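Worksheet: the structure to be examined is printed underneath.
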There are 2 protein chains.
Amino acid sequence: MGDDAWRRELIEDLDSGLPAGRVITDPDVVSGYVHDDAEWAPHGTPAAVVRPRTAEEVRHVVQACLRHRAPVVPRGAGTGLSGGANAIEHSVVVSTEAMTTIKEINRRERLAVVEPGVVNDHLRAACAEHGLWYPPDPASAPWSTIGGNVATNAGGLCCVKYGVTRDYVLGLEFVTGTGELVRVGRRTAKGVAGYDLAGLMVGSEGTLGFITEVTVRLRPARLPEHTVVGYFSSIVDAGRAVEAVAVAGLEPSALELIDRHCLAAVDEWKNMGLSTEADVLLLGRTDSAGPAGEREADAMLACFEKAGATFAARSTDQQEADALFDARRLAYPALERLGPVLTEDVCVPKGAVPGMLARIEEAAARHDTLIANIAHAGDGNLHPLLITRSGDDAARKRAQAAFDDIIAAALELGGTVTGEHGVGLLKRDGLAAEAGPAVLALGRAIKDALDPHGIFNPGKVIAPG
Amino acid sequence: MGDDAWRRELIEDLDSGLPAGRVITDPDVVSGYVHDDAEWAPHGTPAAVVRPRTAEEVRHVVQACLRHRAPVVPRGAGTGLSGGANAIEHSVVVSTEAMTTIKEINRRERLAVVEPGVVNDHLRAACAEHGLWYPPDPASAPWSTIGGNVATNAGGLCCVKYGVTRDYVLGLEFVTGTGELVRVGRRTAKGVAGYDLAGLMVGSEGTLGFITEVTVRLRPARLPEHTVVGYFSSIVDAGRAVEAVAVAGLEPSALELIDRHCLAAVDEWKNMGLSTEADVLLLGRTDSAGPAGEREADAMLACFEKAGATFAARSTDQQEADALFDARRLAYPALERLGPVLTEDVCVPKGAVPGMLARIEEAAARHDTLIANIAHAGDGNLHPLLITRSGDDAARKRAQAAFDDIIAAALELGGTVTGEHGVGLLKRDGLAAEAGPAVLALGRAIKDALDPHGIFNPGKVIAPG
């Protein structure tokens with residue numbers, strides 16, 4: 001059977017079990033679904049895009065894809081930075097964008113049940129109305145979906161104190177590799193009945209099943225935060241301040257680093273005037289209650305000063321403090337305006353933060369590449385952003401070499417190749433280097449066990465054997 | 001080859017790669033390793049017991065067992081309550097009791113690295129010397145080991161606020177089902193490189209590999225707690241107080257229930273005079289800092305009073321408060337003095353706690369069985385303890401019927417058959433009922449993928465296919 005006939009039959013089969021309008025084949029529309037935000041990762045052309053509205057519709061799609069051996073590429077908002085949602089040639093991209101119902105927010109059980117397409121910020125806003133809080137807050141929170149957050153085990157700013165998406169997933173409903181709809185995990189506070197399949201699904205990047213519903217744990221509404229601002233003349237000094245905060249045993253609710261390249265890019269876009277004041281900006285927050293919060297903020301300030309801050313102060317103006325955190329969130333889109341961005345996501349032990357920042361500066365110099373830095377510095381999660389001009393192939397090669405050097409340095413310093421963005425396509429080699437062949441084989445064994453027909457996002461996370 | 005010859009060759013092979021004294025075959029010594037604390041679960045006679053001292057020695061044992069197709073039964077302190085460590089006929093019980101080194105306690109990275117045989121309380125004491133805290137605190141903490149805690153994903157008193165063992169495991173070293181020594185997880189605060197194999201190992205009850213080293217996350221030393229004591233005349237009233245605490249959005253650092261049977265048994269043993277004062281005791285704690293803690297303790301007191309406490313007060317005497325929590329910890333051994341105890345471990349949504357307690361009372365009456373109750377009530381984790389006289393077979397049958405009714409009721413109320421003790425042998429049917437065939441099949445697929453020769457604790461968790 002030729003490709004065309006195969007594709008026609010696949011689409012007929014998809015269409016046959018779905019209401020009209022779910023299956024999209026118009027190339028102009030399809031082109032909006034072929035890659036995520038990882039501009040450097042390759043992608044193919046899918047046979048179709050499907051936007052199901054219910055778990056049963058997802059099941060039909062997976063079963064049809066099983067019949068026609070078409071890979072299923074799950075897709076949330078497409079804000080991923082590793083190529084995990086990039087289309088595979090002859091695949092079916094299944095978008096969760098029409099599955100946006102918040103089914104339950106339960107104050108007594110302190111949990112929420114949502115469809116995978118619910119946007120992170122929408123869930124957070126809905127929880128706030130009930131005096132509750134869903135902590136995971138990736139910088140993409142205004143756009144990214146809970147399903148995508150779960151698939152990538154998304155982190156964010158507050159996870160330095162409150163943990164990552166994994167720490168908030170209680171239960172999941174998903175379609176398996178044999179086309180069954182199952183529930184794993186629980187609604188109770190605790191539970192150890194059988195293997196932790198819900199936990200295994202978190203961070204599996206759509207390679208083990210298609211998530212159709214998520215039950216998340218919530219916290220009581222958070223307390224107001226104190227903000228501490230530090231300006232530094234060198235990024236390594238800022239790294240030393242981060243290390244000092246860890247050594248002092250403090251528990252910041254955020255500890256973010258933004259370097260001069262990011263500040264300049266944000267200024268150029270939003271005219272905030274930040275880059276004239278600071279070379280490197282460190283933003284700390286604490287949400288401990290009452291006097292404990294006051295003491296923690298003062299202790300953080302002392303750490304900043306001792307590490308050589310050129311200016312450090314507790315922010316008394318909430319609007320000003322929020323504006324600085326907005327600048328943090330705007331850094332990535334601001335840099336994207338300058339050219340294609342290759343995003344790093346290494347995470348190192350806290351004691352290795354100054355050393356890792358120095359190694360990034362060395363890689364930038366060695367490979368003549370502009371590297372901007374934003375970092376969830378408090379948990380050692382650094383995002384060097386490698387920027388090239390569009391179409392400059394030589395620069396692109398140099399950037400790739402710098403990218404590889406940074407990964408190698410992170411592993412040398414006891415770190416990981418990806419702290420929160422996931423492996424996708426960009427970090428497959430890095431994962432292989434980090435895990436080693438025996439652990440990679442365990443991963444492959446799990447993939448084969450749960451997805452025996454290799455239908456879910458093949459080639460992502462683990463390179464084809 | 002006959003059993004004797006097979007056993008002789010197995011023991012020779014085990015011995016050949018180990019220092020003298022590691023392999024134990026003396027039946028008197030071996031008899032101390034044939035079962036855990038689940039008195040009702042069956043057990044076989046192992047071919048040998050081995051007490052390795054290093055990961056390499058464990059690897060040798062696993063490889064020898066692979067060569068001879070002898071099941072490996074991992075064993076910590078043997079304090080489990082589901083039969084997970086019970087010997088299988090012709091197996092090799094591998095005890096971690098000689099692997100007790102705390103390799104590292106790191107204040108800056110806020111982590112510890114330990115061998116699996118380290119006793120929970122020993123780790124907690126060692127962390128305290130560094131101003132750090134390892135939260136998971138099962139009632140068995142004075143005896144149980146970190147390896148066993150990880151294998152069963154142990155809970156405890158403080159997990160109502162601070163989570164379970166799973167929430168503290170960063171990385172693991174283990175011997176795989178093909179006899180390789182691997183490392184999974186990380187030392188960094190975050191990491192998403194590949195599937196969460198460390199998380200999958202937690203709670204897998206020795207069926208997927210043999211854990212030889214554990215890296216745990218630590219917290220800063222905890223703050224002093226306020227204790228709130230409530231006496232109730234009915235267990236269902238106490239359950240209503242628990243529900244009220246949840247509805248009020250409070251975050252107790254412990255919320256424990258002890259019923260009149262437990263109080264009487266502790267009194268009979270330790271003469272504490274508790275049972276003359278209360279029919280049901282509820283113990284709440286909060287460790288929020290400063291005025292917030294005061295407010296939270298007062299709010300918990302109000303919940304107790306509103307639910308009908310016959311007496312409720314904030315404890316101002318720390319010694320008295322500690323004595324009450326000691327009574328909680330002593331309840332299980334005190335009841336064991338009365339006869340074989342069949343321990344339940346259901347966990348239900350917080351709103352279902354009063355209803356579940358009522359269902360337990362009904363089951364006790366229906367089957368004419370003495371059922372005592374202790375509970376981590378704050379997270380809905382109830383431990384009905386079914387007590388029979390030794391040798392009374394009819395009573396034993398009635399108790400088994402009550403046990404089954406309680407499991408069915410927990411599932412009806414949206415709960416799980418095991419909140420923290422694990423499946424082992426006692427809850428295999430319960431797991432099958434809770435998970436259903438499709439999810440059980442996923443579990444089997446993972447078992448087969450990671451333990452292709454079925455060497456690790458076969459028949460535990462999932463019944464033989």
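The model shown is predicted, which means the values in this text are computed figures rather than measured ones. Throughout, protein chains are lettered first and strands after them, A, B, ... in sequence-line order, and every chain is numbered starting at 1.
Panel note: side chain B:Asp451, backbone B:Phe456; a donor-acceptor pair is recorded below 3.5 Å. In terms of modelled atom types and a separation under 3.5 Å, the side chain of B:Thr152 and the main chain of B:Gly422 share no donor-acceptor contact. Distance alone, capped at 3.5 Å, places no donor-acceptor pair between the A:Glu109 side chain and the A:Thr188 backbone. Side-chain atoms of B:Glu296 do not come within 3.5 Å of backbone N or O of B:Thr286 as any donor-acceptor pair. The backbone N or O of B:Val164 sits nowhere less than 3.5 Å from a side-chain atom of B:Asn153 that would complete a donor-acceptor pair. Judged purely by atom type and a 3.5 angstrom limit, A:Glu205 uses its side chain to pair as donor or acceptor with the backbone of A:Gly424. Checking side-chain atoms of A:Lys460 against main-chain N and O of A:Thr207 turns up no donor-acceptor pair under 3.5 Å. Between the side chain of A:Asn457 and the main chain of A:Gly84, a donor-acceptor pair closer than 3.5 Å is present. Between the side chain of A:His383 and the backbone N or O of A:Ala375, no donor-acceptor pair lies under 3.5 Å. With B:Thr165 contributing its side chain and B:Ala154 its backbone, the two residues share a donor-acceptor pair below 3.5 Å.
For B:Ala292, the part lying under 4.5 angstrom from a heavy atom of chain A is the side chain only. For B:Ala248, the part sitting under 4.5 Å from any heavy atom of chain A is the backbone (N, CA, C, O) and nothing else. If you measure heavy-atom distances from B:Leu442 to chain A, the contacts under 4.5 Å come from both the backbone and the side chain. For chain A, the nearby part of B:Leu250 is the backbone; its heavy atoms alone come within less than 4.5 Å. For A:Val184, the part sitting under 4.5 Å from any heavy atom of chain B is the side chain, from C-beta outward, and nothing else. Heavy atoms closer than 4.5 Å to chain B are found in the side chain of A:Pro291, but not in its backbone. Residue B:Arg186: no heavy atom, backbone or side chain, is found under 4.5 Å from chain A. Only the side chain of A:Asn381 comes within contact range of chain B, with at least one heavy atom under 4.5 Å from a heavy atom of that chain. Only the side chain of B:Val461 comes within contact range of chain A, judged by heavy atoms closer than 4.5 Å. With a 4.5 Å cut-off on non-hydrogen atoms, B:Thr178 does not touch chain A at all.
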Legend entry - Stepwise side chain to side chain contact (heavy atoms under 4.5 Å, CB included) test for B:Val417 and B:Asp429: CA-CA 10 Å; B:Val417 301; B:Asp429 291 348; over 6 Å; no

Inset, instruction - Could you check B:Thr418 against B:Asp345 for side chain to side chain donor-acceptor pair (under 3.5 Å), going step by step and ending with a plain yes or no? - result: CA-CA 5 Å; B:Thr418 176; B:Asp345 174 41; 2.5 Å; yes

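For the options A:Gly293, A:Pro349, A:Ala441, heavy-atom pairs under 4.5 Å to chain B are most numerous at A:Pro349. For the set B:Gly430, B:Gly419, B:Ala189, the entry with the most heavy-atom pairs within less than 4.5 Å of chain A is B:Gly419. Taking B:Gly290, B:Ala435, B:Gly415, B:Gly443 one by one and counting their heavy-atom pairs under 4.5 Å with chain A, the maximum is reached by B:Gly443. If you tally non-hydrogen atom pairs under 4.5 Å between each of A:Ala289, A:Gly163, A:Pro220 and chain B, the highest count goes to A:Pro220. Highest contact tally toward chain A, considering only B:Gly378, B:Ser288, B:Gly351, B:Gly155, is held by B:Gly351 [criterion: heavy-atom pairs under 4.5 Å]. Of the listed residues (B:Leu132, B:Leu450, B:Val423), the one with the most heavy-atom contacts under 4.5 Å to chain A is B:Leu450. For chain A, the option among B:Arg187, B:Glu434, B:Arg110, B:Lys427 with the highest count of heavy-atom pairs below 4.5 Å is B:Arg110. Contact count versus chain B (heavy atoms, under 4.5 Å) is highest, among A:Ala246, A:Ala445, A:Cys347, for A:Cys347. Counting heavy-atom pairs under 4.5 Å between each of B:Gly199, B:Gly131, B:Gly203, B:Gly249 and chain A puts B:Gly249 at the top. Of the residues considered (A:Gly436, A:Ala449, A:Cys159), A:Ala449 shows the highest number of contacts with chain B, using heavy-atom pairs under 4.5 Å.
Scanning residues 166-175 of chain A against chain B with a 4.5 Å non-hydrogen threshold yields A:Arg166, A:Asp167, A:Phe174, sorted by number.
For the pair A:His376 and A:Glu420, the minimum side-chain heavy-atom distance is below 4.5 Å. Using a 4.5 Å heavy-atom cutoff, the side chains of A:Glu104 and A:Leu111 are in contact. Put simply, the side chain of B:Ser204 reaches to within 4.5 Å of the side chain of A:Tyr195, judged on heavy atoms.
The OG atom of A:Ser82 lies 11.5 Å from the CZ atom of A:Arg428; values are rounded to the nearest 0.5 Å.
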